[in-house]
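Below: the structure, in structure tokens.
By convention in this document, chain letters (A, B, ...) are assigned in the order of the sequence lines, proteins followed by strands, and residues within each chain are numbered from 1.
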2 protein chains.
Amino acid sequence: MVADGLILGATAGAAEEGTVMSTAHTGVPTSLRQHALPVPVPAGEYEQCPVTELLRRLGDKWTLVTLSLLARRPFRFNELHRAVEGISQRMLTRTLRTLEADGLVEREVFATLPPSVEYRLTPLGVSLLEPLSALAAWAVANPRRVG
Amino acid sequence: MVADGLILGATAGAAEEGTVMSTAHTGVPTSLRQHALPVPVPAGEYEQCPVTELLRRLGDKWTLVTLSLLARRPFRFNELHRAVEGISQRMLTRTLRTLEADGLVEREVFATLPPSVEYRLTPLGVSLLEPLSALAAWAVANPRRVG
DNA sequence: CGGCATCCTAGACGATACTG
DNA sequence: CAGTATCGTCTAGGATGCCG
């Protein structure tokens, strides 16, 4: 009977009749998800499923490694720049700005000379670590076979 | 003391001294992660962290919604094509092929007339649902604030 | 029905140079 | 130190058309 608002259907093993997986994606019936929107949206910008949206952000090239570092302790900009190894200044800035906009990271400026800026996880950012760990554990336990 | 092979540091609240977060990303010390590889890799193709790799795949535009449908029951190709709403044939094929290559979905061909092809989750695919649910629950509980 | 081949565009990303 | 600006590249993804 497909109750509303359930997520990705319970535990993996227990597949009861009513397990809710298709409404899971947005918590909204499939048929309403993208097209049957109440208001036409500015072409190509209509809302995405929040879960996909989250995974898109975490799935870019540098977000996860940056988060994993900030999970240990606060970092200064160039300190991160060195720690991440391979990231460009441009992408580090962008990654941090996005994380900040999403409320996962906060940025504190110290008016020293030369100036210094510190980045740290917000409580929201910390709260993400737990569910993320479950997925990370799965990824490590089930490494992708090549070719 | 940074034991090897630990993932994204335990529970969110408990931040003990030794919580392992920077080696978490690959299970390998940061300094060895990308550059100090034993063998030089064909420029621009060197290995990624398996966790980031997983999130990149799940984070594309159609993988998650496809998975969420297949989590309910097996689907035929055009049945999926209709259910996903907005996906092109090209991207549905690509998405399914990738999921198949990753061992998350299996494809069965029935030599009927006209031919029919059925897609279903593998046990590995099912096993992914559980950790994924945790993250999905977080995403829904913490919707991103706009601007 | 279930694809594959082709062409095209928008955005992710890297490299480099410049600035308060 | 901590960025911004500009440019070029590469790939995800959409549109369309053909095929067994």
Original post:
If you check every side-chain atom of A/Tyr119, which of C/dC1, D/dC1, D/dG3 has the closest atom?
Top reply: D/dG3
**OP:** Could you give me the CA-CA distance, side-chain angles and deciding distance for A/Asn78 and A/His81, then say whether side-chain contact (heavy atoms from CB on, under 4.5 Å) is met?
**Re:** CA-CA 4 Å; A/Asn78 277 338; A/His81 193 17; 4.0 Å; yes
Original post:
Among C/dC4, D/dG3, C/dA15, which nucleotide sits nearest the side chain of A/Arg90?
Top reply: C/dA15
Subject >> Side chain of B/Arg97 - closest among C/dG14, C/dC1, C/dG3 >> reply: C/dG3
Original post:
What nucleotide, of C/dG3, C/dC13, D/dA15, holds the atom closest to the side chain of A/Met91?
Top reply: C/dC13
**OP:** Measure from the side chain of B/Gln89, starting at C-beta and using heavy atoms only, and say which of C/dC4, D/dG3, D/dG13 lies closest.
**Re:** C/dC4
**OP:** Check every atom of C/dG3, C/dG14, D/dC1 against the side chain of A/Ser88 and return the nucleotide holding the closest atom.
**Re:** C/dG14
Subject >> B/Phe77, nearest nucleotide to its side chain (from C/dG2, D/dC1, C/dC13) >> reply: C/dG2
Original post:
What residue pairs, at least two apart or across chains, pass side chain to side chain donor-acceptor pair (under 3.5 Å) with a residue in residues 111-120 of chain B?
Top reply: B/Arg97-B/Tyr119, B/Arg107-B/Tyr119, B/Glu108-B/Arg120, B/Glu118-B/Arg120
Original post:
Does the side chain of A/Arg94 get closer than 4.0 angstrom to OP1 or OP2 of C/dG14 through an N or O atom?
Top reply: no
Subject >> Proximal nucleotide (of D/dG14, D/dG13, C/dG2) relative to the B/Asp60 side chain >> reply: D/dG13
Subject >> Residue A/Pro115, side-chain heavy atoms: nucleotide from C/dG20, C/dC13, D/dG3 that is nearest >> reply: C/dG20
Original post:
Atom CG in B/Leu124, atom CH2 in A/Trp138: separation rounded to 0.5 Å?
Top reply: 4.5 Å
Subject >> Toward the 5' end of DNA chain C, by each residue's nearest nucleotide, B/Arg82 or B/Thr93 >> reply: B/Arg82
